[in-house]
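Notes for the one structure printed next.
Bear in mind that the values here come from a model prediction, so they are computed numbers and not experimental data.
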Amino acid sequence: MNIGEAARQSGVSAKMLRHYESLGLLPQVQRSDSGYRQYSDAEVHTLRFIKRARELGFSMAEIAELVSLWQNRRRASASVRRIAQKHADELAQRIADMQAMQQTLAHLVHCCQGNDRPDCPILDDLAGQPADK
């Protein structure tokens with residue numbers, strides 16, 4: 001199938017499809033006599049795999065490793081689990097960091113009078129001065 005059809009069936013844009021190919025996530029695909037890329041069902045399946053991994057937030061390096069493991073039928077599931085656990089741990093840390101940011105901002109918003117006066121604990125905090133309240 002051509003790139004447009006492969007993109008449609010996989011849910012990945014043609015631009016991203018070419019990008020994944022340039023990164024080596026997809027092998028070099030067959031080309032027609034006129035030079036157009038020709039994708040098989042196997043490549044579309046790999047594109048769906050990549051798309052799902054991206055939806056879960058894996059990095060391109062992690063996806064490359066996961067694709068390699070997925071295609072290697074002699075892989076150890078421990079290798080896959082290690083990658084997934086590391087990613088889950090990183091997500092948990094990012095969530096905790098964002099929750100701390102949200103709590104700090106909520107506190108600063110609470111401390112700000114929001115009136116016509118120039119005093120603003122939000123700006124004070126950003127400038128490195130602690131809020132009074």
Side-chain angles (χ1 to χ4, degrees):
M1 70 191 79
N2 66 25
I3 194 168
E5 183 61 20
R8 188 188 69 71
Q9 286 189 25
S10 65
V12 173
S13 71
K15 181 178 179 179
M16 287 307 295
L17 201 153
R18 285 189 290 273
H19 178 65
Y20 295 152
E21 189 176 335
S22 74
L23 293 175
L25 296 176
L26 281 179
Q28 292 293 320
V29 296
Q30 298 287 331
R31 292 197 177 249
S32 67
D33 292 337
S34 54
Y36 291 104
R37 290 174 172 90
Q38 295 293 304
Y39 296 89
S40 68
D41 290 337
E43 285 134 357
V44 169
H45 194 63
T46 300
L47 286 166
R48 287 186 194 127
F49 181 98
I50 294 167
K51 181 177 186 251
R52 180 65 179 142
R54 291 291 297 151
E55 290 170 349
L56 291 174
F58 285 101
S59 70
M60 290 306 217
E62 291 167 330
I63 292 172
E65 195 171 354
L66 289 167
V67 167
S68 177
L69 288 166
W70 178 56
Q71 292 171 340
N72 176 2
R73 297 294 177 209
R74 296 169 59 184
R75 70 192 170 258
S77 65
S79 299
V80 179
R81 181 187 171 110
R82 176 186 48 78
I83 296 166
Q85 185 62 60
K86 179 179 176 273
H87 183 59
D89 293 346
E90 289 168 354
L91 286 173
Q93 184 60 55
R94 287 173 47 197
I95 290 167
D97 292 345
M98 291 182 84
Q99 286 174 331
M101 284 189 274
Q102 191 275 331
Q103 290 170 356
T104 299
L105 285 170
H107 173 73
L108 291 171
V109 168
H110 173 74
C111 292
C112 182
Q113 297 296 317
N115 55 24
D116 292 335
R117 296 190 52 169
D119 299 336
C120 181
I122 299 168
L123 294 177
D124 290 345
D125 182 83
L126 293 172
Q129 301 167 345
D132 291 337
K133 298 182 184 192

Do Leu126 and Val109 share a hydrophobic cluster (ILVMFWY, side-chain heavy atoms under 4.5 Å, transitive)?
yes

First locate atom OG1 of Thr46, then atom CD1 of Ile63, and finally report the distance between them rounded to the nearest 0.5 Å.
12.5 Å

For Val67 and Leu25, which heavy atoms make the closest approach, and how far apart are they?
CG1-O, 3.9 Å

Donor-acceptor contact present, side-chain Thr104 to main-chain Ala100, <3.5 Å
yes

Does the pair Lys51/Glu55 count as a salt bridge with the N-to-O cut at 4.0 Å?
yes

Check whether any side-chain heavy atom of Asp119 sits under 4.5 Å from a side-chain heavy atom of Asp124, and report yes or no.
no

Arg48, CZ atom: more than 12 neighbouring heavy atoms under 6.0 Å:
yes

Taking every non-hydrogen atom, the tightest pair across Ile3 and Ala14:
CD1-O, 3.8 Å

Report yes if the side chains of Arg54 and Met16 come closer than 4.5 Å at any heavy-atom pair, otherwise no.
no

Check Arg75 against Trp70 and note the closest heavy-atom contact, atom names and distance.
NH1-O, 3.2 Å

Apply side-chain hydrogen bond (donor to acceptor under 3.5 Å, both in side chains) to Ser59 and list each qualifying residue two or more places apart in sequence or on a separate chain.
Glu62

Considering non-hydrogen atoms only, spot the tightest contact between Leu56 and His87 and give its length.
O-NE2, 2.8 Å

Going through the checks in order, is the side-chain hydrogen bond (donor to acceptor under 3.5 Å, both in side chains) test met by Ser40 and Glu43?
CA-CA 5 Å; Ser40 68; Glu43 285 134 357; 3.0 Å; yes

Could you tell me whether Gln30 atom CD has more than 12 heavy atoms of other residues or ligands within 6.0 Å of it?
no

Is any side-chain N of the basic residue among Arg82 and Glu65 closer than 4.0 Å to the acidic one's carboxylate O?
yes

Show the nearest heavy-atom pair for residues Leu66 and Phe49, with the distance to one decimal.
O-CZ, 3.9 Å

With no hydrogens and no angle check, do the side chains of Tyr39 and Glu21 hold a donor and an acceptor under 3.5 Å apart?
yes

To the closest 0.5 Å, what do you measure between CD1 (Ile122) and SG (Cys111)?
9.0 Å

Transitive ILVMFWY side-chain link Val44 to Tyr36, under 4.5 Å:
no

Would the number of heavy atoms belonging to other residues, nucleotides or ligands and lying under 6.0 Å from CZ of Arg31 be above 12?
yes

Cluster question for you: counting only ILVMFWY and a side-chain heavy-atom cut-off of under 4.5 Å, with indirect links fine, are Leu23 and Val29 together?
yes

Quick one: pull up CD1 in Ile50 and CZ in Arg52 and give me the separation to the nearest 0.5 Å.
14.5 Å

How long is the gap from CD on Gln103 to CG on Leu108, to the nearest 0.5 Å?
12.0 Å

Between Asp89 and Gln85, is there a side-chain donor-acceptor contact under 3.5 Å, judged purely by atom types and distance?
yes

Correct closest heavy-atom pair for Leu17 and Ala7 would be CD1-N, 3.9 Å

Out of curiosity, Arg37 CZ to Asn2 CG, how far, rounded to the nearest 0.5 Å?
11.5 Å

To the nearest 0.5 Å, atom CD of Gln93 lies from atom CD of Glu90 at 10.0 Å

How would you list all residue pairs meeting side chain to side chain donor-acceptor pair (under 3.5 Å) that involve residues 3-18, not counting sequence neighbours?
Glu5-Arg8, Glu5-Gln9

